[in-house]
Structures are given as structure tokens and as C-alpha cells.
Amino acid sequence: MSDNCLTIAVDGPAASGKGTLSRRLARHFGLAYLDTGSLYRAAALKALDNNVALDDEAAVAALAETFEAELLDDPRLRERGVGEAASRIAGLTEVRNALLTFQRKVAYSAPGAVLDGRDIGTVVCPDAQVKLFVTASVDERARRRHKEMAEKDPMVTLTDIKADILRRDARDSSRDAAPLLQATDAHLLDTTNLDIETAMNAAVSLINSVLAEKR
Ligand code: CDP
């Protein structure tokens, strides 16, 4: 951490609204934004495209270290199967280590950054000045993700999406390597009954009050 750098860590389960919120927080505070889930998704997509087994730790870690930056803009990253594969490779320690340096470089480059993921406040940036843990009920998260997915795939049902989310939550929370966990010094933001504007206002005032306390 450096004095001329503000790092905001935003963690939470799948489809909790942390991505939209983090992107807007970055704009609001004039910081860079990194969706760390897209790194896991890109490594997973690369493995799927190259027929690399998702449990081949060394091979997937090598892909995580070398994938092209353009892959982060590939629309296939948001596909259901890629989210599922990302959650599987995210349990591999070597893969997580391969992505750590890049995440920290973004987090600690002036003027700073908002990073969203699962382990930002606990592992990637344990010294972030502000940590948020964004959550919502599983039904609300399934409803949001279904709305997003149904535009691309009208056949997908709410029941399918809820099952995906429950499976990923269980895997992300129970793994040994950097599990999804609220850091002890993270502030909980439950967005179940909040629209994006209200969630954004709540997050901005929380962040401002944490920063005012530190001054
Ligand atoms: O957008 P959504 O919340 O569905 O997922 P994501 O943030 O794109 O992350 C996809 C998967 O990557 C998650 O299910 C996690 O298993 C993994 N991930 C992680 O382990 N650590 C992170 N910092 C970010 C994502």
C-alpha cells in the first residue's frame, strides 16, 4: 500500500451486484477498476478452448499467466459454462498464485483501484483502506442473473440459474484456497432490497465515512 493510492476491496457471492457497483464506485472516486472474476473466467475459457483439463493445475496456471489481454473483452466470458469452469479452476492454488501479481499491480498503482472478487479483502489486498462485502438473498441474485442471461439465452430458466448460483456459492465458500469470506474489517452491504442507485448511495457514504475516520 502507498500513501498516494486508494484501494477499495469489494467481495461477495455470484450476482450480488458487486460488479455494477464496483464499476460505478471506480468512476465516482476516479480510480481504476478490475473485475477479478474476469481473470478466472479468461483462464477457464482458454483452458476450454485448448482442451486443457480443468483439474490440470500446472497447465491451467500456465494459461492464467499467459493469456492475451484481449481475451478479457471476449463476450463468451459471461456464458454460464465459463462461469462454472471459472469457479472450478479458482479452487487451484497455482492458478490463484498466477493471477496474484497482476491484481496487486493494478490495486497498488496510483491513484488506486476498486477490485471486485471473492478474496480481495482477505488475500489480494488485506491492507485495502476500505473493504465492502456485497451480498443479496439467493433468490434475488438468481432473479438478477436470470434477467441478464435470458437476453442472450431465452431457453434458460430461473430454476437453472438458481441451481448454478447455489453450486458456485458452495464451491467458492468451501474451497481451501482463498475461500469466499467476509474479511473481519469488511462492511456488509445487503442489496436484496436496494436498486442500484440506492446501493451506490449507501456504498459511497460508507466509503466516505471510513475514509473520514482514517484521516
Ligand atoms: O459475476 P459472478 O459473480 O457470477 O462471478 P465472477 O465474479 O465473474 O467470478 C467467476 C468465478 O471466479 C467465481 O465463481 C469464483 O470461483 C472465481 N473468483 C475467485 O475465486 N476469486 C476472485 N477474486 C474472483 C472470482
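Positions are given from 1, in the same order as the sequence printed here. Both counts, for ligands and for their atoms, begin at 1 and track the order of listing.
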* If you measure from each heavy atom of R145 to ligand 1, is any distance below 4.0 Å? -> yes

* To do: Answer yes or no: does an N/O atom from Q103 fall short of 3.5 Å to an N/O atom of ligand 1?
  => no

* Asked: Which residue owns the protein heavy atom closest to atom 8 (O) of ligand 1, what's the atom, and how far is it?
  -> R41 NE, 2.6 Å

* Please lay out, stage by stage, how D35 and Y40 fare under the test side-chain hydrogen bond (donor to acceptor under 3.5 Å, both in side chains). => CA-CA 10 Å; D35 163 11; Y40 291 89; over 6 Å; no

* Asked: Any donor-acceptor pair under 3.5 Å linking the side chain of R141 with the backbone of A14?
  -> yes

* Asked: Is it true that R23 and D116 have a side-chain N and a carboxylate O under 4.0 angstrom from each other?
  -> no

* For ligand 1, which atoms, with element, lie under 4.0 Å from some heavy atom of D172? -> 13 (C), 14 (O), 15 (C), 16 (O)

* Report the nearest protein non-hydrogen atom to atom 24 (C) of ligand 1: residue, atom name, distance rounded to 0.1 Å. => T36 OG1, 3.4 Å

* Indicate, as side chain, backbone, both or neither, the part of S16 found under 4.0 angstrom from ligand 1 when only non-hydrogen atoms are considered. => neither

* At what distance is the nearest protein heavy atom to atom 10 (C) of ligand 1, and which residue and atom is it? -> R168 NH1, 3.6 Å

* Check ion pair R118-D11 (N to O, under 4.0 angstrom) -> no

* What atoms in ligand 1 come closer than 4.0 Å to a heavy atom of G117? -> 22 (C), 23 (N), 24 (C)

* To which protein heavy atom is atom 7 (O) of ligand 1 closest, and what is the distance rounded to 0.1 Å? -> R118 NH1, 3.1 Å

* Structure fact -> Ranked by distance from atom 21 (N) of ligand 1, the top protein heavy atom is R96 NH2, 3.0 Å

* Considering heavy atoms of the protein only, find what lies nearest to atom 1 (O) of ligand 1 and give residue, atom and distance to 0.1 Å. => R78 NH2, 3.1 Å

* Asked: Under 3.5 Å, side chain of N50 to main-chain N/O of K46, donor-acceptor pair present?
  -> yes

* To do: Please write down residue, atom name and distance for the protein heavy atom closest to atom 3 (O) of ligand 1.
  => K18 NZ, 2.9 Å

* atom 25 (C) of ligand 1 [closest protein heavy-atom partner, distance rounded to 0.1 Å] -> G37 CA, 3.5 Å

* To do: Spell out, yes or no, whether L48 and L99 are grouped together once hydrophobic residues are joined by side-chain heavy atoms under 4.5 Å, including indirect joins.
  => yes

* With the threshold set at 4.0 Å, does a side-chain nitrogen-carboxylate oxygen contact exist between K162 and D139? -> yes

* To do: Could you tell me whether R41 and D74 have a side-chain N and a carboxylate O separated by less than 4.0 Å?
  => no

* If we only count N/O pairs under 3.5 Å, is D119 in contact with ligand 1? -> yes

* Asked: Any heavy atom of A15 sitting closer than 4.0 Å to ligand 1?
  -> yes

* Structure fact -> Note: ligand 1 atoms sitting under 4.0 Å from heavy atoms of A90 are 16 (O), 17 (C), 20 (O)

* To do: Could you see which bit of R175 sits under 4.0 Å from ligand 1, with heavy atoms only: side chain, backbone, both or neither?
  => side chain

* For the side chain of E84 and the backbone of R80, is there at least one donor-acceptor N/O pair under 3.5 Å apart? -> no

* Asked: Is there any N or O on Y40 that sits under 3.5 Å from an N or O of ligand 1?
  -> no

* Asked: Can a salt bridge be assigned to the pair R145 and E140 using a cut-off of 4.0 Å between side-chain N and carboxylate O?
  -> no

* Between the main-chain N or O of V114 and the side-chain N or O of S22, is there a donor-acceptor pair closer than 3.5 Å? -> no

